[in-house]
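Below is one structure, written out as structure tokens; comments come after it.
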Number of protein chains: 2
Amino acid sequence: MPRTSTKAEAPVRRLAPDYRLEDQVGFLLRKAYQRASSNLVERIGSYDLTAPQYATLARLYERGALSQNLLGRLVAMEPANIRDVVLRLKKRRLVATRRDPTDKRLILIDLTAAGTALVEQLIPIETECTATTLAPLKADERGLLYELLSRLAEG
Amino acid sequence: MPRTSTKAEAPVRRLAPDYRLEDQVGFLLRKAYQRASSNLVERIGSYDLTAPQYATLARLYERGALSQNLLGRLVAMEPANIRDVVLRLKKRRLVATRRDPTDKRLILIDLTAAGTALVEQLIPIETECTATTLAPLKADERGLLYELLSRLAEG
DNA sequence: CCGATATTGTTATGATCATAACGATATCGA
DNA sequence: TCGATATCGTTATGATCATAACAATATCGG
């Protein structure tokens, strides 16, 4: 008997023959996010903004000045990551930073006039982009998706 | 009239006063994926595997040897990205590569015996992890979420 | 046959992402 | 008051991610 198969490999006995990657929510969520992010970049990419950068600007627009740390939590970014994003936005003069006078640990971030104007220009585009992403869903399904995703995100 | 406000800032007139970041699917999807990914790393992180790395191994387990490019498409990764993942897995001897004899452009990737054994060890853990991620949802809501996410991902 | 076209893998660049370790500052409780 | 504890921002490391440009190989049409 030859040590290596000649014509056909011996059939491999698999312990999990019916496992499917598609059954894992994480994989589906990753693909869906890729699609949403891609849709956004297609439309606002010409402004040289990424999805996380837009989220950061939008959050500042909603809430006004925030400490860097709180801002990070409100856009779901770790301290190390929000720092880099803020640095890039600051370099482009879309946000400005100042020290909190009462708590010397904090750095307060706020939109500049240019940043505010840009957000107001982008909001309708982003809303349109969300509609594009949701296009495969019927109206009643969209609200349901929000409900389900919100609960998943909270945990 | 002073050029700078003294006591209170003049109320800023916002063009989109009721805009909410939470209404954008992309943002919700990103947060939900963060949660799912975090759940996975909590459980398989001790194996020094990330979610994309696990997905790559799992896909190879499902389909057998694949070209690097096709493998990338099947796990939703760009050619440049799947390359790096394969390199890391190869360095750990979880996958092996060989050239396709008929098409000299292709690199065929396959699980090693160690890689196969690892996947079979991880599959039940991953399945359990998916259950954890889906815990906030009732049974009938889970199937619905899959349906909606699949349609979103396809576009 | 053979040149235009397409596909595969690589390289480079820049932007997330998560984690751990660290100094500086605040806060809380004994 | 003062020391333990917590929070904030920084630094470093390593792993995704997307995009563009490129060489090598296949494929297709005339």
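Chain letters run A, B, ... following the sequence lines, proteins first, then strands; residues in each count from 1.
To the nearest angstrom, P of D:dG14 lies 17 Å from CG of A:D84. Whole-Å rounding puts the B:K90 NZ to C:dG9 P distance at 13 Å. Between B:R88 atom CZ and D:dT16 atom P there is a gap of 5 Å when expressed in whole angstrom units. Residue B:N81 contributes atom CG, which lies 17 Å from atom P of C:dG14 at whole-angstrom precision. For A:D103 and C:dC28, the CG to P distance is 12 Å, given to the nearest whole Å. The interatomic distance linking A:L106 (CG) with C:dA24 (C1') rounds to 12 Å, in whole Å. Between A:N69 atom CG and D:dA6 atom P the separation is 16 Å, expressed in whole Å. Across the protein-nucleic acid pair, B:L49 atom CG and D:dG14 atom P stand 17 Å apart, rounded to whole Å.
Using a 4.0 Å heavy-atom distance criterion, B:A51 is classed as making no nucleic acid contact. A:V85 comes within contact range of the sugar-phosphate backbone alone, with a heavy-atom separation under 4.0 Å but no base atom that close.
Considering only side-chain atoms of B:R105, the nucleotide from C:dT8, D:dC17, C:dC17 that sits closest is C:dT8. Comparing atom distances between the A:R83 side chain and each of C:dT16, D:dC17, D:dT10 picks out D:dT10 as nearest. Proximity note for B:M77 (side chain, C-beta onward) versus C:dT16, C:dG9, D:dT16: the nearest is D:dT16. Closest to the A:E78 side chain, of the nucleotides D:dC8, C:dA18, C:dA12, is C:dA18. In the set D:dA26, C:dT10, D:dA15, C:dT10 carries the atom at the smallest distance from any side-chain atom of B:P79. Listed nucleotides: C:dT25, D:dC17, C:dA18. Nearest to the side chain of A:K104: C:dT25. Comparing D:dA15, D:dC17, C:dT8 by their closest approach to the side chain of A:Q34 singles out D:dC17. Closest to the B:I107 side chain, of the nucleotides C:dA15, D:dT25, C:dT10, is C:dT10. Closest to the side chain of B:Q68, out of C:dA15, C:dT10, D:dT16, is C:dT10. Of the candidates D:dG9, C:dA15, D:dT16, C:dA15 carries the atom nearest the A:T50 side chain, counting heavy atoms from C-beta on.
Closest heavy-atom contact between A:Y61 and B:A16: OH-N, 3.2 Å.
Of the residues listed (A:T56, A:L89, A:V41), the one engaging A:L49 in a side-chain contact (heavy atoms from CB on, under 4.5 Å) is A:L89, and it is the only one.
Salt-bridge check for A:E22 with B:R59: passed, with a basic side-chain N closer than 4.0 Å to an acidic carboxylate O. Salt bridge A:R151/A:E154: absent, no basic N to carboxylate O contact under 4.0 Å.
The residue among B:T102 and B:A76 whose nearest nucleotide of DNA chain D is located toward the 5' end is B:A76. Nearest-nucleotide positions on DNA chain C for B:R30 and B:R99 put B:R99 closer to the 5' end.
Judged purely by distance below 3.5 Å, without hydrogens or angles, the side chains of A:Y47 and A:Q121 pair a donor atom with an acceptor atom. At a cut-off of 3.5 Å, with distance as the only test, a side-chain donor of A:Y19 or B:E126 sits close to an acceptor on the other residue.
Look at B:Y54 and you won't find any side-chain N or O under 4.0 angstrom from OP1 or OP2 of D:dA15. Contact annotation: A:Y33 side-chain N/O to D:dA18 OP1/OP2 distance is not under 4.0 Å.
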